[in-house]
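Let me begin by presenting the structure, written as structure tokens, before commenting on it.
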Number of protein chains: 2
Amino acid sequence: MANISDVAKLSGLSKTTVSRVINNHPYVSDKKREQVLKAMKELGYIPNPSARRLRGQLTTTIGVIVPRIVNPFFAHLINSIEQAASEKGYQVLIGQSYEDKEKEVAFLNLLKTKQVDGIIMTSTENDWNVIESYIEYGPIMLCNDYVNQEIAPMIRLNQAKGAYIGANHLIERGHRKIAYCTGGLFDEQGKGKDRNRGFQKALSEAGIKINPKWIFIDQHTIEDGKHVLRQILEMEDRPTAIFTGSDEVAGGIVIAAKEKGLTIPNDLAVIGFDDQPIAEILDPKLTTIRQPVDLMGEKSIEVMIEMLENPEMEIRNYDLPIELIVRQST
Amino acid sequence: MANISDVAKLSGLSKTTVSRVINNHPYVSDKKREQVLKAMKELGYIPNPSARRLRGQLTTTIGVIVPRIVNPFFAHLINSIEQAASEKGYQVLIGQSYEDKEKEVAFLNLLKTKQVDGIIMTSTENDWNVIESYIEYGPIMLCNDYVNQEIAPMIRLNQAKGAYIGANHLIERGHRKIAYCTGGLFDEQGKGKDRNRGFQKALSEAGIKINPKWIFIDQHTIEDGKHVLRQILEMEDRPTAIFTGSDEVAGGIVIAAKEKGLTIPNDLAVIGFDDQPIAEILDPKLTTIRQPVDLMGEKSIEVMIEMLENPEMEIRNYDLPIELIVRQST
DNA sequence: TTGTAGGCGTTATCAT
DNA sequence: ATGATAACGCCTACAA
């Protein structure tokens, strides 16, 4: 593999001049620039990123942590981030945490050794004080997930509002027996707390008391959704509607409900979250809360690049709109 | 960020000894090893991968090229590759080609500069002679996609057989008017040629003539599938069954068919390819050809690591089983 | 406008 | 068993 010296030799110039051409520095005569370019092409020369990184250069690489790539929501989020990054001349390095603290830390360590310029976290496994300790090595920001702090920018969706409008929609449809399904916990602190709050607010405003039996926590997959439906079927007093924290879980509920002979939305209204492709594939099509994935990707990259170019930048949060998409399941 | 000199200083030893400890070399006394380990922990030391790569080390990183991550088939394939790699202590670097030749070449270039030890290609955009020219920089192998050559190992599925059993299944169900939908072309050379051959073989063995009007090429997405159905509806002479090259396209056909009031499989039988999650979500559930994604990932990593450890390894191909999953759409 | 020299962090070679 | 030193490829003071 040709290196900068080879190019220098072939072009009859010094390494410095070659380097200047590579990096678009001024003070290179057009003639010599031509010579260098020609030699580079002739040798198929590509600057060695390891050497550049070692030298302390920016890497034009941004790391993105997701829980798992097989979750379509995150696959689409990665995609939108990568598209936006690509337009600005940045690469994206994808890391799956598999919801594992150590894997997350391992990825954050890329910052220490300048493998990436900055990191966008779409989920957080470790406590914030752990993550915070990496900020000295490079900018970190949160997109999608968020925590209570003011040290890293966050691209947030108003999850509370999303849950609120979703629950309200069910109430407007006449439901008063509403179940709730979350990927997190149903408490004041844990994952999904904002959605919990929005849900609770809608119900309390309508004078509806929450039935604890109809609260399902830690539900993620299609299989989980099927299981939820089976549990509901075994109840004496059944809900007439269910709000879920993901389209996948909602999908599982819809599929299992049909298998059991229930009609959606007549026997059970179902509302999802994310507006993934599956929402339009299901029959009936899923009413859901849309998360603006493309916007999230664009905004993340915009903010990240600003942090990279201007480290003194003011840290703030960016709230993106969230929207109810009414289809057939409610 | 602490470096090897800091560790050397703190432990009162030389860089060489520290390096020996890091790399598990022999000839280090247990006492000194302890000292070094302690200093490393104290400083939170992490070896700098850029320096190692620059020095010509193996990177324990394997690159994987996929067309796009939002395609669930490839998301799952990446996932299985990463799992297998992780067990062997290898990282995975994901690259999306977006079906673009230049993006693919850009990723292959990582090999030149030792950013990755080897590359697994799940699709190929460039001509083989282009890709072949990168083999001198590190092992390249194909998984899923394949070409006619003997220079790189390939993990193949017998696509011809897959298409053959799929088409045969339709024939056994009594169909004789069978349409065909491919992501490639319907010729002897281009993408998808093996599937084409299998399909043609099944029909010709049953004495069925192929109707060129029922051949749809370059179909990939759910939207494409919907479009195909609309085209079929406008035909005077309609097929009673359709074989598709992907579950996504099949899904689009199913969804659009239901919208138009057709009953599946009575009015139109549909068979997909891949056995993606969508196949079980669709209503009716999709009959499809399963590709053994987990096996593909495991085998790829196994072969790749063998190539890395033994560059003289004999190049051969690995054929994995492909299987018909009968559900409700046929 | 161009070139020389030093150092980024690591490991292999050669001494001791 | 341990250590000094050179080299990987690049960029940037500094010098000319």
Side-chain angles (χ1 to χ4, degrees), chain A residues 1-40 43-61 109-117 137-138, chain B residues 1-40 43-61 109-117 137-138:
Chain A
M1 182 57 200
N3 61 28
I4 199 171
S5 298
D6 298 331
V7 177
K9 209 171 295 172
L10 182 59
S11 63
L13 295 164
S14 72
K15 291 197 290 176
T16 310
T17 304
V18 176
S19 175
R20 289 209 176 94
V21 171
I22 295 168
N23 297 287
N24 285 312
H25 280 294
Y27 302 119
V28 181
S29 66
D30 289 351
K31 227 174 291 177
K32 313 226 162 178
R33 182 185 309 279
E34 287 308 320
Q35 294 177 41
V36 171
L37 257 19
K38 186 172 159 236
M40 293 200 320
L43 293 168
Y45 169 73
I46 297 173
N48 185 317
S50 299
R52 295 180 125 177
R53 289 202 247 269
L54 188 56
R55 191 64 229 293
Q57 289 280 295
L58 285 199
T59 64
T60 61
T61 299
N109 276 328
L110 296 179
L111 218 42
K112 285 198 186 181
T113 52
K114 295 215 191 273
Q115 305 302 109
V116 296
D117 294 333
Y137 303 109
Chain B
M1 184 56 200
N3 62 27
I4 198 170
S5 297
D6 299 329
V7 178
K9 210 170 295 171
L10 181 60
S11 63
L13 296 163
S14 72
K15 293 196 292 176
T16 308
T17 304
V18 176
S19 176
R20 287 210 177 92
V21 172
I22 296 168
N23 296 288
N24 286 315
H25 279 295
Y27 301 120
V28 181
S29 67
D30 287 352
K31 229 174 290 178
K32 314 230 160 177
R33 183 187 307 281
E34 286 308 318
Q35 295 177 39
V36 170
L37 256 19
K38 189 174 157 235
M40 293 201 320
L43 293 168
Y45 168 74
I46 296 173
N48 186 316
S50 300
R52 294 183 125 175
R53 289 202 248 268
L54 187 56
R55 196 62 232 290
Q57 289 281 297
L58 285 200
T59 65
T60 62
T61 299
N109 276 327
L110 295 178
L111 218 43
K112 284 197 185 181
T113 52
K114 293 214 193 279
Q115 306 302 108
V116 297
D117 294 334
Y137 302 109

Side chains of B:Ser14 and B:Thr17: is there a donor and an acceptor less than 3.5 Å apart?
yes
Can you tell me if B:Asn48 and A:Thr113 form a side-chain donor-acceptor pair at under 3.5 Å?
no
Between atom [atom1] in [X] and atom [atom2] in [N], what is the gap in whole Å?
X: A:Lys9; N: D:dG9; atom1: NZ; atom2: C1'; result: 13 Å
X: A:Tyr27; N: D:dA16; atom1: OH; atom2: C1'; result: 16 Å
X: A:Asp6; N: D:dG9; atom1: CG; atom2: P; result: 8 Å
X: B:Lys114; N: D:dG9; atom1: NZ; atom2: P; result: 9 Å
X: B:Asp30; N: D:dT2; atom1: CG; atom2: C1'; result: 15 Å

For D:dG3 and B:Thr17 - does any side-chain N or O of the residue sit under 4.0 Å from the phosphate oxygens OP1/OP2?
yes
Holding to side-chain hydrogen bond (donor to acceptor under 3.5 Å, both in side chains), I want the full list of residues that pass it with A:Arg52, two or more places apart in sequence or in another chain.
A:Asn23
May I ask you to test the [X]-[Y] pair for a side-chain heavy-atom distance under 4.5 Å?
X: B:Ser50; Y: A:Lys114; result: no
X: B:Thr61; Y: B:Gln115; result: no
X: B:Ile4; Y: B:Tyr45; result: yes

Based on the rotation axes of five pairs at each end, what angle does the helix from C:dT1-D:dA16 to C:dT16-D:dA1 bend through, to 10°?
40°
B:Ser11 side chain to B:Val7 main-chain N or O, any donor-acceptor pair under 3.5 Å?
yes
Tell me whether the count of non-hydrogen atoms from other residues, nucleotides or ligands lying under 6.0 Å of NZ in A:Lys112 goes above 12.
yes
I'd like to compare against my own output: the B/S/- annotation of nucleotides 7-16 of chain C with a strict under-4.0 Å heavy-atom distance to protein.
BBBBBB----
